[in-house]
2 protein chains.
Amino acid sequence: MTDPMYRQIAEDLRARIESGALAPGGQLPTELELRERYEASRNTVRDAMKWLMNLGLVETRPGQGTFVVEKVDPFTTALFTDVTPLSSDQETGLGGEGIAYAVEVSAQGRRATDSVPRIEIQQANGVIADELRLSEGSMVVSRHQQRFIDGTPYSLQTTFYPMRLVEEGAVRLIQAENLQAGAIRYLEETLGVKQVGWRDRITVRAPDATEAAFFRLPGDGRIAVFETLRTGYDRSGQPLRLTISVYPADRNQFVINVGPAPDDPSSERGG
Amino acid sequence: MTDPMYRQIAEDLRARIESGALAPGGQLPTELELRERYEASRNTVRDAMKWLMNLGLVETRPGQGTFVVEKVDPFTTALFTDVTPLSSDQETGLGGEGIAYAVEVSAQGRRATDSVPRIEIQQANGVIADELRLSEGSMVVSRHQQRFIDGTPYSLQTTFYPMRLVEEGAVRLIQAENLQAGAIRYLEETLGVKQVGWRDRITVRAPDATEAAFFRLPGDGRIAVFETLRTGYDRSGQPLRLTISVYPADRNQFVINVGPAPDDPSSERGG
DNA sequence: CCGTATTTGTTCGTATGTATT
DNA sequence: CAATACATACGAACAAATACG
């Protein structure tokens, strides 16, 4: 019938937060103070805090207190941009080859850096075998990188190539240099195979321990991560590569521009 | 140094789940059994359960027990599809006007139904004013719909139009009929304004109480929702409309097809 | 640098309520 | 109605992180 006490406490605090009475970044009363204010036990107050924490409204800092979460303005990653000029109807292209390479940050003045790739040769498991249309257990090359923007962790990215491509001569795939935006071009120059299309898949899930550590996320799964799969295909419709990227969901968004959409993708931010 | 006991218990159970020893849908031992097995108090065992719950690995059902979460195969929503034929290089078009209308479900044999729109005339707040490039407090028409697939809640969707469009003659925007895929065409026929491009934004956040109730989500924020903003622009680069859609993140994914990507977007599913 | 006070984190015990079988 | 299983609530004690003099 009536809500349990810890939810009533949470609801009361939630209302104060949404109304702005408790400002972002501001500190909440301590658990002992709240225990007196609501005439509840400390554990009940803590249950209310956990509720608000799971809603992403507050965060606790041991030894300091409980604070209202400040939303950061997110990194914007363009998954697709069609660069048709606004005033001319001629040549509705797909933005040239350049965009085929990777997910790109619409970084204004921000500096993106990537770690040296960690190369592995491994068996294709479920999703990887599925997307690359290989039989389970087929060998693939994986190139794993940590990506940073202005030094802060931005994404974890792993690209898988069928081992076939290496056997056919693309040996630099198994060397730990930064192919980066050049991987697709390298394959074209070396083997003559060209990526003519791709498919992105966007899902959300809880981070694993590795991801939580890299992105400095809480460890419990209360902050999710985006997982994007990008499968690239050659002219014959055969999968060339699969790139799996992971981004923390609390500070990232994706945009897709289709047709002559104005520029300036959320650069301004009002108070 | 060493992890707290509730996390060790959680880690042990997590390993059993990932290894498959505890199958999806299967029941975990009861809290009393776990209390004996790990020689901990029931509260500590429950802390371990909450940890696993936030990671999305288990769910509890009062009176029944604790169960390993079964992942459903997600609804797939295509945000963008470029239908260039595979074998010809001529005319790399954007797939025609048809795709401009809306986010479309790649529903194979599934039946999509929408509720009658709830129309409101309201002031544009922060995001809405921002995207439609209106000054704060300008009037907008909002058309809100509940969308279902095979009768199960699929998304909550609200489209905002500048009031200016109604004043200029598009009066059916404020009538509670299903314009649906015809809204863009209606604007073109009535006012001669044509949506020639759009921008999508994809973010993730905790659901609010309304959304949690509609999608039957837990109420604490442990299952997030996708929020997509689609802003449509006319030939002059002026925003025509803003559609905000919300989808539960545990049973939805988005796909983007660029260039001649093969069909069959994840219809098969291996055990 | 050290010690103390403050604040959240962990763990236990216990009792009672609510949902399901 | 009874048994089972999770949910709520209280009280207590100690640990760990942080801030401050």
Side-chain angles (χ1 to χ4, degrees), chain A residues 1-14 22 25-69 212-213 216-223, chain B residues 1-14 17 22 25-69 212 216-223:
Chain A
M1 203 70 87
T2 148
D3 266 9
M5 186 181 305
Y6 77 93
R7 281 228 280 279
Q8 294 181 34
I9 297 173
E11 172 53 28
D12 186 67
L13 291 169
R14 191 197 60 75
L22 289 167
Q27 183 168 7
L28 272 70
T30 68
E31 291 171 354
L32 292 197
E33 287 169 330
L34 292 172
R35 174 181 129 279
E36 293 182 0
R37 175 173 314 178
Y38 293 106
E39 290 177 320
S41 79
R42 187 178 158 226
N43 281 331
T44 300
V45 167
R46 280 180 62 74
D47 281 346
M49 292 303 155
K50 285 174 196 162
W51 186 269
L52 294 174
M53 223 162 59
N54 282 341
L55 291 178
L57 293 175
V58 307
E59 64 188 348
T60 58
R61 301 179 205 147
Q64 299 186 53
T66 305
F67 301 83
V68 181
V69 167
R216 277 174 266 251
L217 297 178
D220 58 12
R222 76 173 180 270
I223 297 183
Chain B
M1 203 75 84
T2 144
D3 267 8
M5 187 180 304
Y6 76 93
R7 282 228 280 277
Q8 294 181 34
I9 297 173
E11 171 53 28
D12 187 67
L13 291 169
R14 191 196 59 75
I17 291 173
L22 289 168
Q27 183 168 7
L28 273 69
T30 69
E31 291 171 353
L32 292 200
E33 287 169 330
L34 292 172
R35 173 181 131 280
E36 294 182 359
R37 175 172 315 180
Y38 292 106
E39 289 177 321
S41 80
R42 189 180 156 225
N43 281 331
T44 301
V45 167
R46 279 180 63 74
D47 281 346
M49 291 304 153
K50 285 175 196 162
W51 186 269
L52 294 175
M53 223 161 61
N54 282 340
L55 291 178
L57 293 175
V58 307
E59 63 187 351
T60 58
R61 301 178 205 148
Q64 298 186 52
T66 305
F67 301 83
V68 181
V69 167
R216 276 173 265 250
L217 297 178
D220 58 8
R222 76 174 182 269
I223 296 184

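Just so it is clear: chains get the letters A, B, ... in the order the sequence lines come, proteins before strands, and each one is counted from 1. Scope of the values below: all heavy atoms of this structure, side chains included, with no hydrogens, waters or symmetry mates.
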| said: Checking contacts here: which listed nucleotide (C/dT7, C/dG9, C/dC12) is nearest the side-chain heavy atoms of A/Arg46? | reply: C/dG9

| Separation of D/dC10 C1' from A/Tyr38 OH (nearest whole Å) | 19 Å

| Under-3.5 Å donor-acceptor pair between B/Arg42 side chain and D/dA7 base | yes

| Any residue of residues 56-63 of chain B with a heavy atom less than 4.0 Å from an atom of DNA chain C | B/Pro62, B/Gly63

| Are B/Arg61 and B/Glu59 ion-paired here, with the side-chain N under 4.0 Å from a carboxylate O? | yes

| field | Close side-chain approach of B/Met49 to B/Leu13, heavy-atom, < 4.5 Å | value | yes

| said: Distance check needed: D/dC6 C1' versus B/Lys50 NZ, whole Å only. | reply: 11 Å

| said: Rounded to whole Å, how long is the line connecting atom CG of A/Asp220 with atom C1' of C/dG9? | reply: 13 Å

| said: Strictly below 4.0 Å: does A/Ser41 bring a side-chain N or O up to OP1 or OP2 of D/dC10? | reply: yes

| task | Give the rounded distance in Å between these two atoms: CD of A/Glu31 and C1' of D/dA9. | result | 15 Å

| Any side-chain N or O of A/Arg7 less than 4.0 Å from the OP1 or OP2 oxygen of D/dT8? | yes

| task | Tell me whether the OP1 or OP2 atom of C/dA19 has a side-chain N or O from B/Gln64 closer than 4.0 Å. | result | no

| query | Taking atom P of C/dA5 as reference, at what distance in whole Å does atom CG of A/Leu32 sit? | reply | 15 Å

| Less than 4.5 Å apart, any side-chain heavy atom of A/Val58 and any of A/Leu28? | yes

| note | Whichever of A/Glu39 and B/Gln27 has the more 5' nearest nucleotide on DNA chain D, that residue is B/Gln27

| How is A/Met5 classified with respect to the nucleic acid when contacts are heavy atoms under 4.0 Å: base, sugar-phosphate, or nothing? | sugar-phosphate

| request: Would you mind reading off the distance between B/Met53 atom CE and D/dC6 atom C1', rounded to a whole angstrom? | output: 10 Å

| request: Indicate yes or no: at least one non-hydrogen side-chain atom of A/Val69 is less than 4.5 angstrom from one of A/Leu57. | output: no

| message | In whole Å, I'd like the distance from the CG atom of B/Asp47 to the C1' atom of D/dT8. | response | 14 Å

| query | If you pin A/Asn43 and A/Tyr6 to their nearest nucleotides in DNA chain D, which one's is more 5'? | reply | A/Tyr6

| task | Drop me the distance from B/Glu31's CD to B/Thr66's OG1, to the nearest 0.5 angstrom. | result | 5.5 Å

| remark: Picking from D/dC6, C/dT11, C/dT8, the nucleotide nearest the side-chain atoms of B/Thr66 would be D/dC6

| field | Spacing of B/Met5 atom CE and B/Tyr38 atom OH [to the nearest 0.5 Å] | value | 12.0 Å

| task | Go through the structure and list residues passing side-chain contact (heavy atoms from CB on, under 4.5 Å) with A/Ile223, not counting sequence neighbours. | result | A/Leu217, A/Pro218, A/Asp250

| field | Atom pair distance, as rounded to whole Å: CD in A/Glu36 and P in C/dT7 | value | 11 Å

